[in-house]
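Working notes, structure below.
Note that the coordinates shown come from a computational prediction; the quantities given were computed from them, not determined experimentally. Sequence lines set the chain letters: A, B, ... in the order given, protein chains first and strands last, and positions in each chain run from 1.
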Amino acid sequence: MQADKWLQPRDNGLYCVAADCYIDPTAPVNRALITHGHADHAISGHHSVVATAPTIAIMRTRYGEDMAQTVEALDYGHTIELGDPDDPVSCTFYPAGHILGSAQILLSYRGTRVVISGDYKRQPDPTCPPFTAIDCDVFITEATFALPVFKHPPIEQECKKLLQSLALFPERCHLVGVYALGKCQRMILGLRALGYNQPIYLHGAQRRLCDLYEEHGIRLGQLIDVADVADKSELAGEIVLAPPSALSDRWSRSLPEVRKAMASGWMQIRARAHQRQVELPLIVSDHCDWQALLDTIDEVSPGEVWITHGREDALLHQLTTKGVKARALSLIGYDEDATD
Amino acid sequence: MEAFSQLLQQLYFTSSNNEKSRLLRHYLAHTADPDRGWAIAALAGTLKFEFFKRNAVKNLMLERVDPDLFAMSYDYVGEMSETVAHLWPDATTSIELPGLAELIDQFRQANREQVKALLLHYLSGITAEQRWSLLKLGTRGLRVGLSARSVKRILAEYGDVPVSEIETLWHALKPPYRELFDWLEGRAEKPDISGAVTFHPVMLSHPLPDDKATQLSVEDWLVEYKYDGIRVQLVITEQGKALYSRTGDDISESFPDVLAGIEEPGVIDGELLVINDGKIEYFNALQQRLNRKKPTKKLIAERPAGIVVYDLLTDNDEDITSLPLIKRRQRLEHWLSRASANHLLISPLLSVDSNAQLQQTYADAAEDAGVEGLMLKRKDSSYQPGRPSGQWYKWKREALHLDAVVMYAQRGHGKRSSFYSDFTFGVWQDDTLLPIGKAYSGFTDEELKKLDNWVRRNAMGRFGPVREVKKELVVEVAFDAIHPSTRHKSGVALRFPRFHRIRWDKPASEADTLANARALIIE
């Protein structure tokens, strides 16, 4: 059965008619399938939630044990059936390579296979298994960085930039804005991979999710809360990771000679870095850049591509030019700025 | 060039002025002549030629990318050099960039076709950051948050000399500034610029605070009309003569009639106007001359230009800037009688014996459509480049005015729907512009088209329907009153602001400051 008959964009997100459930709904619903734990995709207050075990753990860490009435953990590669048992929608999760626990969701109904990729990337990430290309009729993709100007360098290069700056300005506290879930831990691992074994300092908002990553066997090395440092002048020449919103607020004033950095895919655009008064822009993204999006769509080679959010115009144009059938869903409510 | 590119990246992302100074001084100390001199020229805006046109860059890009994707990318990034820097296919084999001087030389000597080949060669072998630097440098679009004034200040710090000495020398020196560095590094005497035909930095006035006119002791002040022309400097030495705009641009070619017949050496400060048989015409008449780079004989005959002179900086070859104004004024009168040119008029001194009379003179000037108001200058003021406080005041008639810099533009509605016609403008606080108001009127339909065109060419970013523009266009805004306001970051709000005049000729750095704006508030 044609996908757009049983899977449709609604006000609260993508809705599966045949299974009466939403994927990553932006308002509380009866039944939600969650691709990953970023706050704009995973909110609290749904009646029942299906997600990977790490995603459930992330949601519980953020929203408490009662973030939903019932939860069901689904491992990668396992299938459950949803909707009418006599006419079911089968649902399988596959790795998306975005953050810990992130999944693509394959929904299959009356012989039509739709992959909702959520957010995904193709660069290696030690915190989650890599994205797998799944054979499907419809591939639903995001388009956050879907312009040919976006080229994400390897994370090693950007971590080196940070270490070089640290060597050049040893008297300055390097305050790096990172999203607390995913980016934070990936940056830590990127620095560790370059042999940086110093303690890394955390803003209070980063702590719980770092602990959660540790519980999932991801070793982050020595992390110290800034709040536990009595003499803040000791933070000269150290790396402090904080949420982007903390870069300019009063909290950062206690740090010695702050050099503001930010790790985000948006840092490639100078004006974006300037707006945040970032002195050291680090281009680190948990999304695909333009080429990776195109390569992925090539590799998946679906019958049709649906584009959820971001710069859908450009991706739509490129796919149409190449003869790939594509449409823009124009889903709203996904806060692309905050989560990369 | 690689070191220079790195410097540009660092400067661009550094907000602290001290840090910028440190970065630039470090570069100067570790870079040889002539590269560092060309770097200074590029940063201070004295590199007077373009390597290539923006359009040539765009065309090369369009040979390599789908035009729709280019348009969407450009719209998103909001800036041509950066768009191209990112979009250009990455190098498969990297090439080494030559030194800055060598690079400039290559482009300067290349003809049009060779320029294209050179550009192609470099763009295809360097990193995205270097591409950005090369494109910004080559189109003279370098904006790394460092004004020419800051560059001079940093040079002064580098050589541990007063910045005023750099200011004085600046326009007489040419890139790559070897003799400047020889002096700054103690290998040579200060460059001798006596007799050189060169621009001297000008002294500027502050708007007169509202209560000032009633308080000042009139016997200490010279009162003149404020003319509605453009500020110019006439320089005549044994070696030659030239006419400069207030920014130091040589405008001699546009005003041959002003220079004709004057041989008496001196540096004269005054107001350029159309003067017909000793009669000063309105600004409108001058506008027609300003629009022409090379005027026709007919235009010169119809609109003869002249100067109302009001100050003398150099008398013959003697620097008299440290003399009090009242003495300079006498020297000016003598100079004028020696020069005996009837298109030069002296700015008459208005006789004012009391504050009441000053008020009356102001009121009379307000009735005179030919002048903008009054100038009040301390009799004992020496001639100090810049805008020293408490020395010179401009007292404009009627509405209050500020020279503000256009910051954002938005499309209008109704018949103006396709034009950028709503403008947010700001004034300086240190090196930052703070928005103080929005204006939608005060320009003609012709000017609206010009403004719209300017916005399109100078747009940087987009915030919804609002375009951010390069902070380069100065508008003289008129308004009825200015009040303190907590709603605006600047802390002031304007009452009925409108465009009074678009100052295409005025550099943004010379726009008014927030302190100037605050001084206009009636307590």
What part of Val278(A) is in contact with chain B, defined as an atom under 4.5 angstrom from a non-hydrogen atom: side chain, backbone, both or neither?
backbone
Rounded to the nearest 0.5 Å, the NZ atom of Lys260(A) sits from the CZ atom of Phe13(B) at a distance of 13.5 Å
Would one find more than 12 heavy atoms of other residues, nucleotides or ligands at under 6.0 Å from atom CZ of Arg153(B)?
yes
Got a salt bridge between Arg22(B) and Glu171(A), using NZ or NE/NH1/NH2 to carboxylate O under 4.0 Å?
yes
Could you tell me whether Arg270(A) and Glu129(B) make a salt bridge, using a distance below 4.0 angstrom between a side-chain N and a carboxylate O?
no
Side-chain contact, heavy-atom cut-off 4.5 Å: Leu69(B) with Leu147(A)?
no
Any side-chain heavy-atom pair from Gln318(A) and Asp68(B) closer than 4.5 angstrom?
no
Checking Leu168(A) against Gln10(B) for the side chain to side chain contact (heavy atoms under 4.5 Å, CB included) test, could you report, in this order, the C-alpha distance in whole Å, the side-chain angles of both residues, the deciding distance, and whether it holds?
CA-CA 12 Å; Leu168(A) 200 61; Gln10(B) 290 172 328; 4.1 Å; yes
Per-residue tally against chain A (heavy atom, under 4.5 Å) across Ser73(B), Ala85(B), Ala128(B) peaks at Ser73(B)
Give the ring-plane orientation class for Trp266(A) versus Tyr76(B), where under 30° counts as parallel, over 60° as perpendicular and anything between as tilted.
tilted
Highest number of heavy-atom pairs under 4.5 Å with chain A among Glu19(B), Gln9(B), Glu82(B), Glu79(B) belongs to Glu82(B)
Spacing of Tyr12(B) atom OH and Glu279(A) atom CD [to the nearest 0.5 Å]:
13.5 Å
Structural part of Phe70(B) lying under 4.5 Å from a heavy atom of chain A
neither
Heavy-atom distances under 4.5 Å only: say whether Trp132(B) touches chain A with side chain, backbone, both or neither.
side chain
Do Gln268(A) and His86(B) come close enough that some side-chain heavy atom pair is under 4.5 Å?
yes
Could you state the interatomic distance from CD (Glu257(A)) to OG (Ser16(B)), rounded to the nearest 0.5 Å?
9.5 Å
Selection from Val84(B), Asp90(B), Val65(B) maximising heavy-atom pairs under 4.5 Å formed with chain A:
Asp90(B)
